[in-house]
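Step one of this worksheet: look at the structure below.
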Amino acid sequence: MSAQNDTLNQYLFASGDHEEHQSLKVAEGAYKGWVPRAIYSKELYEVQLPFLRLLSFPVGGTALGSLSHKLTVFEAVGNYLTRLPACFAECHNLTKLNLGFNYFTEIPYPVYRLTRLEILNLEHNDLESMDSEIQNLKNLRVLNLSGNLLEELPKELRMCRRIQELHLSGKFYPGGKLTEFPECISYLTELRYLDLSWQHIGKIPRSIGKLRKLQVLNLKWNQLQKVSKELKKCARLKVVNLSGALRLLSAIPESLLELEDLEQLFLSDNFFTEVPQHVCGLVKLTQLVMQRNSLLRLSQDLYKLRYLRHLELSDNFLEVIPPKIKSLRKLEYLGLANNRLTELPEEICFLEQLTYLGLGNNKLTQLPENIYRLHNLRTLDVDNNELQDVPLLMDRLELLAEEDGLHILNNNLRSPFREISEQGTRALFEFLKGIRLKEAHHRWKMILIGAARAGKTSLRQALMHGRSRLAADSERTWVMERHLWEPESRLRVQILDFGGHHIYQAAHHMFLSSDALHVLVFDLTKYTSEDYEELIGHWLEAIMDRAGGAKIVIVGTHCDLCSKEDVNEKVEDIMRLMKRDETNKRRQIEYEIRMISEELDKPESREVSSGIPEIGIGRMQEKLNKLQKMLNSRSEIPERIFIVSAADTLEGIAEFRSSLILKLKSAPVSALPDVWFTFLEQIQQDREKVLTFEQTRDYFQQVMSDNQISQWGMGGSPERSLEMVLKYLHSTGEIVWYHDNDQLRGTVFHHPETLIDMLRAVFRHDFEDVVHYNQETATLIPLRESSFESMKKDFLSRGLLTKELLHYLLIHFKLCSDASDTFLNLIISVMLKFSLCFEFQNSARMALMGSAQVVQFPWFFPDEKPPNFELQWPLALPPNKYELCMEIVFSAQMPPNFFEKLSVKLHNFLLDANRINWKNGVLAQKNHSTLLVIRERKNDSMAIVIKARGDSDLQELWSLILNVRQASMNLFKDWPLLKCEIDLVCMHCVLKGVDDPHRYPGHVLEHMIPKGEYTLKCCEKFPDDSVPTCFVFPLEEDQENLELYLKAARDFMQKTIDSVDGPVTGANLALSDKGLNFIASNLGRNWTAVLLQLGVSQSLIEQLQISHQHDVHQQIMSALKRWRETDSDTTSPDDKLNSLFEVLTSESIGHIELVEKFKEHFKL
Ligand SMILES: Nc1nc2c(ncn2[C@@H]2O[C@H](COP(=O)(O)OP(=O)(O)OP(=O)(O)O)[C@@H](O)[C@H]2O)c(=O)[nH]1
Ligand SMILES: [Mg+2]
């Protein structure tokens, strides 16, 4: 007994909301023909005994014991019951009784006593009749007697007025026996659901009209000959099933067509040859099923059913699906199996909501190219057709792959499609990707570039997905994103979507290239003429300088937020400014070409003029060639500006997309050897982060020999052939390989994302806000919180990045789960090679930082000069010091990040120098010399000024200047069409204290110093002066006759001092330019206070500040000179000097030390 109890207990559960209600749900077939007796001793609320082969219940007895006390629900579906004992009537609480699928031949008598019953289910028994006692069950709501053999219904059923659901479907075999619509039903006015399917009813009487609450009427497989018009009064009907019921009627009953709210209509298994026109008037239909009719065509009216979600037309004789199918935009299910379709209209691809498309057993030879647009598709059945090909873009149907939902067996697919398709949807889709890679006709790299927040990413999404998906504010592009866009199956475009934040521009030039299509994006709402340069001009210039000849397209976004007039005005303005700039630029180049050509034509151009030996025809010719190339390979400025909105309206996007596609397809089809792409596939399968050139060569040789192709065929040697392939793959954006960068050509980024990730680890516009200490991440490094905080501070304030912080960042940004030391070294070396950073050499400082390797990023250098700058670099040239000065002046903008990169490059020759960095400058002390490199504005242009100062080692000064020059020249290679001038400032003028020194053309720096000529007459400011040759032409390291050149320099120094000051001494000498220079160099910040106290007026000082805007030293010198001139006839030099000393030593100025030094120097 207790064992039985135990087995039963496993099926006990507490039912529903009532914890105290114990219920029993025996698993199907758990016992065979019996139930443990324990059941009768329990007071159960609900009992379910499904499929236990019970012949009786209670089993073998007549007593229910305590079971009847609380029993409310009893279900014994699928047993062998034929009767119920009288005791069942004791279950007077029963509200639900389900005895379906048993063998009752009549409703068991005790059931009629269960007056609380609300649900009675006796479906699929063998009932032949129903007793009038049914009227006792006044609480019935659901009566299910489907699948029985009832010949009629007792009229007393009408008393069960609460019935809402009545199931009276006949037995499928031998068929129902009702031949008339039972009249009693029409009294059941609460009825919502009526199923009279599989009967033999021929007439639906008028009384049906009383069932005003009816929602579902199933008359499937009756033999209707007449349907009363009163049916129309059942105005709430939503679902009507007339499948197989209209075979004796030639048309749909009219009354049905007046049911305007009808949503689902089933008309399968009739003899319709067309979808009845009137049906198409039921505009609220969401489901129409007409399987197994004789449909020959689809009428135009069908497309009025705009709310249709489910259309089943399988098993008919349709040969054509009209293009208008596209109007059924809401369709989710379309069944067209077993028809005679030979083709599908492209328009079917507009049905983007489709999740099921059944096309099995037709005669289709191909599927529409754009089937990939059905992105919701989970099942596509095209079994048993005559397909030869699969649309190449089909693998975009991701849900189809997820559900393995493509059925494509028994077609005429060409090999190897057939074999692969048999392996499942995923395998086929992978294969398609490979085919596309190999068989593309056009391949492009397309660069989306433009200011921050211009709308690049939103535009990309609209282009790629054909939908509006505006980027949220938090979704700023981080460095850049790379996406494969295949608008057509044979057009392959790698889109590089750049982050517009200025910090990311450091990396832009690494990706711009002449063979890419550049899409310059700007936000129309932000445009004004004043912003032309920042939003458009600057970017155009960057593209043209870096990627001459590149195709450029300009797009204005946000047009939804601008009026038409506003847009037109702005477009006109941009076109005007763009043309103006371009014309000026071209004119300027043409002018220079003319000038050089004229110069070259002159016979005397080869002769020595004004003391400077000729710099060489070759040099001029070279410049001419460069200018000509610049002119010829200049990109065309775009002829129009596209106007779009990536917001909901998507205005202009379709037109923009088609013209982009046209542009991308305008080049001739590129037919390239398959093996190139097999090679690409293979290297991309390699899981290494980057590959060496040698590794790719091994792959290449393997692929070539597998395909029995000579590797020498293309380029003359395997290496040359490989270079050609790598270059090509780079130009299409598939890989990244810098063939023209000596330091980087050994590295192949076969996954371009690796390169992007490397940049992302360091460049982040909101670094300070998003990088925080996290214990879990830090444990992996490991890194203590205090070290982390100081490393973060060092990075943000001084651009110092430790290897540990880099490691932390990689994990923090989820760029990799844990980085090996090798990977960290690789990143550092790539960044070094890209000149994004340089090694920090201060080992003591590194020890304090707790790191063995630190690199420096100029992008994060402090804004301000160091506080003691003037001590290390006095504004005026101190006496007895040489100063070499070179200027690089950019005719337009300085290329973005040029200065930062130069700052990195300086490191190559300042390894052992003591170096101080800030945003606009570098000051380095190397041996006896000091180097200053600063970025500054000169009139309207930006310039880099390079100065080297020292006492005696002129050779070292030259080497510093030449090194900076060389570093700049190397950088210019990245901007081949960039225009800038290099000048050498005349040291002779500098030493003489001339305001606007003479400038020699930069070519002098490339020239060998003239042999045996130790002085030259070359300074245009002082044509009679002899200038030491080594002030103008560089001294080499192992300079012949070095001493003689240096002697000329020393003599000059001495002579200059004498000539400037004459044979003067004492106060006269102290008040000479040299003396004032000494004062000016050491005055410092409070110079204005000194001069005001000396009696120079405020307005004069301001005037001098304006006229020497960028040269404070000149401001001081000029002011001091003015002071010297004032009252010079009436005041003696001694008095003047005394008043100067008085001011300088006054309490408010406090330059006592300066006065002492001055007196000592001038022997006063
Ligand atoms: N109304 C409107 N908003 C747009 C449109 N295009 C972009 N936006 C919004 O403009 C902002 C910037 O868009 P993004 O697509 O992120 O711009 P982005 O150029 O990629 O920005 P970065 O990646 O940071 O350089 C977002 O808030 C977008 O929702 C447009 O056509 N209409
Ligand atoms: Mg973006």
Side-chain angles (χ1 to χ4, degrees), residues 445-485 493-512 516-527 531 534-540 542-543 552-564 566-568 570-571 574 641-657 659-660 733 752-753 756-757 759-760 763-770 813 859 896-897:
K445 182 156 66 174
M446 182 168 118
I447 290 171
L448 290 177
I449 191 170
R453 321 299 286 143
K456 301 177 286 295
T457 302
S458 307
L459 175 65
R460 175 179 61 71
Q461 311 251 34
L463 278 178
M464 289 181 67
H465 307 300
R467 285 188 293 280
S468 167
R469 201 195 149 305
L470 290 182
D473 277 347
S474 54
E475 290 177 308
R476 306 198 61 170
T477 307
W478 176 20
V479 178
M480 83 173 57
E481 284 175 28
R482 177 171 169 270
H483 294 268
L484 175 61
W485 180 39
V493 187
Q494 296 284 356
I495 300 188
L496 294 184
D497 172 7
F498 283 6
H501 194 275
H502 63 85
I503 200 157
Y504 303 143
Q505 290 181 35
H508 281 179
H509 80 279
M510 288 157 50
F511 296 90
L512 303 182
L517 172 69
H518 296 74
V519 178
L520 169 50
V521 185
F522 72 98
D523 176 349
L524 276 162
T525 61
K526 291 187 187 147
Y527 180 81
D531 299 313
E534 192 188 329
L535 299 186
I536 296 167
H538 156 77
W539 299 96
L540 268 181
I543 301 169
I552 305 176
V553 173
I554 303 191
V555 200
T557 60
H558 291 74
C559 78
D560 50 305
L561 303 179
C562 303
S563 70
K564 277 231 154 24
D566 199 20
V567 169
N568 290 343
K570 288 179 173 182
V571 166
I574 296 169
I641 291 173
F642 289 90
I643 300 300
V644 301
S645 161
D648 280 343
T649 57
L650 289 184
E651 203 179 324
I653 293 285
E655 193 204 340
F656 177 56
R657 188 176 187 273
S659 43
L660 265 187
E753 276 67 24
I756 297 174
D757 281 352
L759 296 167
R760 284 183 165 182
F763 292 94
R764 171 90 204 189
H765 63 276
D766 48 1
F767 192 99
E768 179 145 28
D769 300 333
V770 296
F813 288 132
W859 287 267
N897 302 291

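These numbers were taken from a predicted model, which means no experiment stands behind them. Counting convention: from 1, in listed order, for ligands and their atoms alike.
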### Summary
Closest to atom 31 (O) of ligand 1 among protein heavy atoms sits Ala646 N, 2.7 Å
### Summary
The closest protein heavy-atom partner of atom 15 (O) of ligand 1 is Ser458 OG, 2.6 Å
Does [X] reach ligand 1 with a nitrogen or oxygen that is under 3.5 Å from one of the ligand's nitrogen or oxygen atoms?
X      : answer
Thr557 : no
Gly455 : yes
Cys559 : no
Ala472 : no
Ala471 : yes

### Query
Taking the minimum heavy-atom distance to atom 20 (O) of ligand 1, which of Ile653, Val555, Thr457 ranks first?
Thr457
### Task
Nearest heavy atom to atom 10 (O) of ligand 1 wins, so pick from His501, Arg453, His558.
His558
Should [X] and [Y] count as side-chain neighbours, where that means a heavy-atom distance under 4.5 Å?
X      : Y      : answer
Arg760 : Phe813 : no
Ile503 : Phe767 : no
Ile653 : Leu459 : yes

### Task
Indicate if the distance from the Mg ion (ligand 2) to the nearest N, O or S atom of Ser458 falls below 2.8 Å.
no
#### Entry: Structural part of Asp523 in contact with ligand 1, heavy atom criterion under 4.0 angstrom
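Answer for Asp523: neither.
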Look at the side chain of [X] and the backbone N and O of [Y], then say whether any donor-acceptor pair between them is shorter than 3.5 Å.
X      : Y      : result
Tyr527 : Val567 : no
Ser645 : Thr557 : no
Arg482 : Gly733 : yes

## Note on the structure
Rounded to 10°, the OG1/Thr477 to the Mg ion (ligand 2) to OG1/Thr457 angle comes out at 90°
